[in-house]
Amino acid sequence: MIQYFINDLKKTISYLPICMLSGIVFFIIGYILIWALRKTNKNTHRNIGLADFPKPGHRPFYIGIFGLFLAYILQLVLLSREMGTVEGIDLTIFGTLHDLQSPRLILYYIENIILFVPLTFLYGLAFPEISATAIPLSFLFSVGIECVQLALKCGYFQVDDIIANTIGAVIGFLFFRMIRSIHRMR
């Protein structure tokens, strides 16, 4: 199981250069948006009622990192796959885990959970005033990924992927809320 994980990790590391470029683009866009907001209302960042976490001045950086991670996910689940090679629909709940003796299938499910943990955490940092929308948007993003994979024939539409991604989104959101609560208690 460890060897499968290492092999998957090596593959995903190869996507970092394009994701870094995307993150830089999102950082620039975020910086311009925040600059424009502050220019129109100098107190905008103080009116959202957040206790310093995340720090309003760091928002362009968080938007950049969030964009980088979105690019990474899209590269991993769509762009790294050959179009027109795989198609199918699996609506069986926990169908991926049908063979608990297969370390590869268990790791596949765990990787799908882990994939969305940073997504909602970073979303909370980038957009703290609407962080409560992180889980529903992650669910919709996951459904969208599955639909695009089906349409482009570059992956199976699997209910398990949506469930695992949503579990990861909930974990990431809870982690964001926990860090935010700890920070507010100081």
Would a distance-only check, ignoring hydrogens and angles, find a side-chain to backbone donor-acceptor pair under 3.5 Å from [X] to [Y]?
X    : Y    : result
S142 : F139 : no
T166 : I162 : yes
E87  : L150 : no
S131 : G124 : no

Just how far is it from atom [atom1] of [X] to atom [atom2] of [Y], taken to the nearest 0.5 Å?
X    : Y    : atom1 : atom2 : answer
E146 : F141 : CD    : CZ    : 11.0 Å
Q149 : C154 : CD    : SG    : 5.0 Å
I113 : D161 : CD1   : CG    : 11.0 Å
R177 : T120 : CZ    : OG1   : 11.5 Å
I114 : L119 : CD1   : CG    : 14.5 Å
Q158 : Y109 : CD    : OH    : 10.5 Å

Quiz item: Under the ring-ring contact (aromatic ring centres under 6.0 Å, His included) test, which residues partner F175, sequence neighbours left out?
Solution: F121
Quiz item: Can you check side-chain contact (heavy atoms from CB on, under 4.5 Å) on L122 and F176, steps first, answer last?
Solution: CA-CA 8 Å; L122 293 171; F176 168 75; over 6 Å; no
Are [X] and [Y] in one and the same hydrophobic cluster, where Ile, Leu, Val, Met, Phe, Trp and Tyr link if side-chain heavy atoms are under 4.5 Å apart?
X    : Y    : result
I93  : L91  : yes
F173 : F69  : no
L174 : I130 : no
I167 : F94  : yes

Quiz item: After noting the C-alpha distance and the side-chain angles of Y108 and D160, does the key distance pass the side-chain contact (heavy atoms from CB on, under 4.5 Å) rule?
Solution: CA-CA 10 Å; Y108 176 74; D160 275 0; over 6 Å; no
Quiz item: Is it true that atom CG of L140 has more than 12 heavy atoms of other residues, nucleotides or ligands lying nearer than 6.0 Å?
Solution: yes
Quiz item: For Y156, does the OH atom sit with more than 12 other heavy atoms under 6.0 Å from it, leaving out its own atoms?
Solution: no
Self-check item: Beyond-backbone contact of L115 with E111, side-chain heavy atoms, under 4.5 angstrom
Solution: no
Practice problem: For the pair V170 and F116, evaluate side-chain contact (heavy atoms from CB on, under 4.5 Å) and give the outcome as yes or no after the intermediate values. | Solution: CA-CA 9 Å; V170 169; F116 270 56; over 6 Å; no
Self-check item: Residues L78, V148; criterion side-chain contact (heavy atoms from CB on, under 4.5 Å); working and verdict
Solution: CA-CA 8 Å; L78 293 176; V148 171; 3.7 Å; yes
Self-check item: Aromatic centroids of F127 and F66 separated by under 6.0 Å
Solution: yes
Self-check item: Sole residue of L137, I63, I135 in side-chain contact (heavy atoms from CB on, under 4.5 Å) with Y123
Solution: L137
